[in-house]
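Only one structure is covered here, and it is reproduced in the block below.
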Amino acid sequence: MSVLPYALPLGALALSWPMLSQRLALSRAKHRSLAGHSRMAKRLARWLPAYHYDETAFFDCDGADADLARRRREAFEALSAGFSTRYARSLALTRQARDGLADLQLTSAYRVPFQFAPLVRQHLPVGAFVASAEGHSLTDMDGNRFIDLTGSYGVNVLGVDFYKACMAEGLQVAERLGPVLGAYHPCVADNVTRLQAISGQDEVSFHMSGTEAVMQAVRLARYHTRRRHLVRFCGAYHGWWDDVQPGPGNPMPPRETYTLADMSERSLEVLRRRRDIACVLVNPLQALHPNRNAPADSGLVDSSRRAGFDRQAYTDWLQRLRQVCTERGIVLIMDEVFLGFRLAPGGAQAYFGVKADLVTYGKTLAGGYPVGVLCGRQDLMRRFRDDRPADLCLARGTFNAHPYVMAGMSAFLRRLDDPDVRAAYEGQDERWGARARLFNQTMEREALPIRAAHLQSIWTIDYTEPSRYNWMLQYYLRWHGVALSWVGTGRLIFGLHMSDAEFDEVLERFVRAGRDMRRHRWWVSPAGLSDRWIRRRVLRELLTARFGL
């Protein structure tokens, strides 16, 4: 019998095995959740049907009896009436602006799980406008003062008064030059020197946003390595452009992006074996919730949200990642747009003791003005080749190094050397660790089902009892004078300068809001309710909405 018919397929398998082996290793390195499978997540997003609770199902979707549902409805209506009176002017202006402001339409639609969203938007709208800010507080159009835990999306590291001073100084420094672009204001030279010292890198480029800085970092990594692919870790946010946001929210499918599991030996093995990876992007904020998307109250289907930070474990991971990238000639990019200058004056590189090849900054760096900055090794920052004059890596923007932005940055960077500012950074781990323990002990003593997980001054609220209504807490917090961003209790951002007395006031307002949640029956659940029961109930609702079962 001839062996040729058997030899040919075996030979083809042998030839293709290295490629198949690499593909298998890549699949194994992805996190099992949808956060690790961008294509699957996009397919599910397209499949997921919209359905909404009517005024009956809204209050009894956890199996509540008629009396419990009635009491929740009464509480909801009372809170709605209070909102419409207390925040009347702010809400009127928000309604006026909403139809013409696309960003506002997005944020108002995704404050709570989509099943509840229409009735919440109708009866518990949140004002989007504030009239003034000072210290730790915001004041709305109606004169209501809130303790600000939005942190201006991470900008507000050192307090709004600090940034007002930086912006005012920047205005005075730059006003003689005005909006002259292309040429540099003299303060740029000092900014470069200070950023070189802070980042430990050789060169600097300026941009108008963190997203732009990340785009340039990836662009340069590809230019110098002559490789196409980048690695990001599942759940991490690096801006809104295609390559770094390959899942839901991006109309393009993932093309040259590998989304791998964070803190995984299998991911390191992929980096060791593949030859097509230009760079690895790390957002150290993921240390608080590895392999999970940024927590938002719109995802509070049940009470399974969890977060937690282990500094030693994450440091060990970054050190191993650094070693593999060095061995394989892969550019390690530290995306500190959010965390830069919050964990330490030298940023996450200094805090974790790991030096990147390229590092991006943004948010707080320009003292309140919009900015993105890229710092990196000299060989990686170079955008042209002396021996090939047509081989360029172009990246310029009209408003890069805008005089007012650069002057605000100068004020910020010089203030980092002030003794009072340096003192705010000292003992941060201990200070915020003690505050988180006090918070959790207080919630336990009050028999409230909320706990805080934290990465220093960045907190996430987890829930310890099964519930469909945890997202309501953000509205009671607002009623008691706490301002949260549109993601709700998923991310609380404190200023480093917050005193113990000011933190005690935050704690007291959380207690009052939690007591209201319990008293108004949002945290009173029918017997037998569990997170598993909730998830199965929601799945049945989805199937009914999709297929009419």
Please determine if D297 and R305 form a salt bridge, counting it only when a charged side-chain N lies under 4.0 Å from a carboxylate O.
yes
Please enumerate all residues that pass salt bridge (charged side-chain N to carboxylate O under 4.0 Å, His left out) together with R536, with sequence neighbours excluded.
none
Quick one: does T139's side chain have a donor or acceptor within less than 3.5 Å of a partner on A131's backbone?
no
More than 12 foreign heavy atoms under 6.0 Å from CZ of R537: is that the case here?
yes
With sequence neighbours excluded, what pairs up with Y469 under the side-chain hydrogen bond (donor to acceptor under 3.5 Å, both in side chains) test?
none
Does any non-hydrogen side-chain atom of L416 lie less than 4.5 Å from one of I198?
yes
Side chain proximity check, L158 to R415, heavy atoms < 4.5 angstrom
no
Using only atom types and a distance under 3.5 Å, with no angle test, would you say the side chain of T94 pairs donor to acceptor with the backbone of S90?
yes
Might you confirm whether atom CH2 of W240 has over 12 heavy atoms from other residues, nucleotides or ligands at distances under 6.0 Å?
no
Under 3.5 Å, is there a donor-acceptor pair between the side chain of T460 and the main chain of G490?
yes
Measure up the W459 and H454 rings against each other and bin them: parallel (under 30°), tilted (30 to 60°), perpendicular (over 60°).
tilted
Whether S267 side chain and A261 backbone form a donor-acceptor pair below 3.5 Å:
yes
Answer yes or no: is there a donor N or O on one side and an acceptor on the other, between the side chain of R72 and the main chain of R521, under 3.5 Å?
yes
Validation row: D142, L91 side chains within 4.5 angstrom (heavy atoms):
no
Do T259 and K30 have side-chain heavy atoms sitting under 4.5 Å apart?
no
Check the orientation of F162 and F412. Use parallel for under 30°, tilted for 30 to 60°, and perpendicular for over 60°.
perpendicular
Within the 3.5 Å criterion, strictly below it, is a donor on N440 or E444 matched to an acceptor on the partner's side chain?
no
Keeping the roles fixed (side chain from R546, backbone from W47), state whether a donor-acceptor pair exists under 3.5 Å.
yes
Main chain of N250, side chain of K42: is a donor-acceptor contact present, judged purely on distance under 3.5 Å?
yes
I'd like to check P254 versus R39 (side-chain heavy atoms, cut-off strictly below 4.5 Å). Are they in contact?
yes
Could you state the interatomic distance from CD1 (I450) to CG (L448), rounded to the nearest 0.5 Å?
5.5 Å
Please give me the minimum heavy-atom distance between G239 and V244, naming the atom from each residue.
O-CG2, 3.9 Å
With no hydrogens and no angle check, do the side chains of Y351 and T315 hold a donor and an acceptor under 3.5 Å apart?
no
May I ask you to decide whether R435 forms a salt bridge with D500, counting only side-chain N to carboxylate O separations under 4.0 Å?
yes
Would you check if the distance from the ring center of W522 to the ring center of Y463 is below 6.0 Å?
no
How long is the gap from CG on L529 to OG on S467, to the nearest 0.5 Å?
7.5 Å
Test of understanding: with salt bridge (charged side-chain N to carboxylate O under 4.0 Å, His left out), list the residues that count as partners of R311, not counting sequence neighbours.
D429
Is the gap between the ring centers of F309 and Y314 under 6.0 Å?
no
Apply salt bridge (charged side-chain N to carboxylate O under 4.0 Å, His left out) to D60 and list each qualifying residue two or more places apart in sequence or on a separate chain.
none
On the ring face of F338, is R491 found with NZ or CZ under 6.0 Å from the centre and within 45° of the axis?
yes
Heavy-atom donor-acceptor pair, D418 side chain to D420 backbone, under 3.5 Å
no
Counting neighbours of CZ on R532 that are heavy atoms of other residues, nucleotides or ligands and sit closer than 6.0 Å, is the number greater than 12?
no
To the closest 0.5 Å, what do you measure between CD (Q349) and CD (E336)?
5.5 Å
Enter the distance from E74:CD to H520:NE2 here, rounded to the nearest 0.5 Å.
10.0 Å
Please report the interatomic distance CG(L332) to CG(L321), rounded to the nearest 0.5 Å.
5.5 Å
Counting only pairs under 3.5 Å, give me each side-chain donor-acceptor contact of residues 107-125, with atom names and distances, residues two or more places apart or in other chains.
{"unit_1": "T107", "atom_1": "OG1", "unit_2": "D103", "atom_2": "O", "d": "3.3"}
{"unit_1": "T107", "atom_1": "OG1", "unit_2": "L104", "atom_2": "O", "d": "3.2"}
{"unit_1": "S108", "atom_1": "OG", "unit_2": "R98", "atom_2": "NE", "d": "3.2"}
{"unit_1": "S108", "atom_1": "OG", "unit_2": "R98", "atom_2": "NH2", "d": "3.4"}
{"unit_1": "S108", "atom_1": "OG", "unit_2": "L104", "atom_2": "O", "d": "3.0"}
{"unit_1": "S108", "atom_1": "OG", "unit_2": "Q105", "atom_2": "O", "d": "3.1"}
{"unit_1": "Q115", "atom_1": "NE2", "unit_2": "Y51", "atom_2": "OH", "d": "3.0"}

Any residue meeting salt bridge (charged side-chain N to carboxylate O under 4.0 Å, His left out) with R73, in chain and number order, not counting sequence neighbours
E55
Give a yes or no on whether the backbone of G154 and the side-chain of S152 come within a donor-acceptor separation of less than 3.5 Å.
no
Restricting to ring-ring contact (aromatic ring centres under 6.0 Å, His included), what partner residues turn up for Y475, sequence neighbours left out?
none
Answer yes or no: is there a side-chain heavy-atom contact under 4.5 Å between R232 and D335?
no
Applying ring-ring contact (aromatic ring centres under 6.0 Å, His included), can you list everything that pairs with H136, at least two apart in sequence or on another chain?
H497
Residues two or more places apart in sequence or in another chain: which of them pass side-chain hydrogen bond (donor to acceptor under 3.5 Å, both in side chains) with S457?
R342
Within the structure provided, determine whether L34 and M40 are in side-chain contact (heavy-atom separation under 4.5 Å).
yes
Any sub-3.5 Å donor-acceptor pair from N283's side-chain atoms to H238's backbone N or O?
no
Measuring from atom OG1 of T257 to atom CG of L230, what distance do you get when rounded to the nearest 0.5 angstrom?
4.0 Å
Under the side-chain contact (heavy atoms from CB on, under 4.5 Å) criterion, do M263 and Q286 qualify, and how do the steps go?
CA-CA 10 Å; M263 303 180 72; Q286 286 302 114; over 6 Å; no
Kindly check if the number of other-residue, nucleotide or ligand heavy atoms within 6.0 Å of CZ (R28) is above 12?
no
With a 4.5 Å limit on heavy-atom distance, are the side chains of M334 and L281 in contact?
no
Excluding sequence neighbours, so at least two apart, what forms side-chain hydrogen bond (donor to acceptor under 3.5 Å, both in side chains) with S33?
H31
Could you tell me how the ring of F510 sits relative to the ring of F439: parallel (under 30°), tilted (30 to 60°) or perpendicular (over 60°)?
perpendicular
Between S525 and D62, do the side chains contain an N or O donor and an N or O acceptor separated by less than 3.5 Å?
no
Hits for ring-ring contact (aromatic ring centres under 6.0 Å, His included) against Y237, two or more places apart or cross-chain, chain-then-number order -> none
Shortest non-hydrogen contact from L473 toward A513:
CD1-CB, 4.0 Å
Sequence neighbours left out, what passes side-chain hydrogen bond (donor to acceptor under 3.5 Å, both in side chains) with R145? Give chain and number order.
E134, S137
Going by the angle between their ring planes, with limits at 30° and 60°, are F146 and Y87 parallel, tilted or perpendicular?
tilted
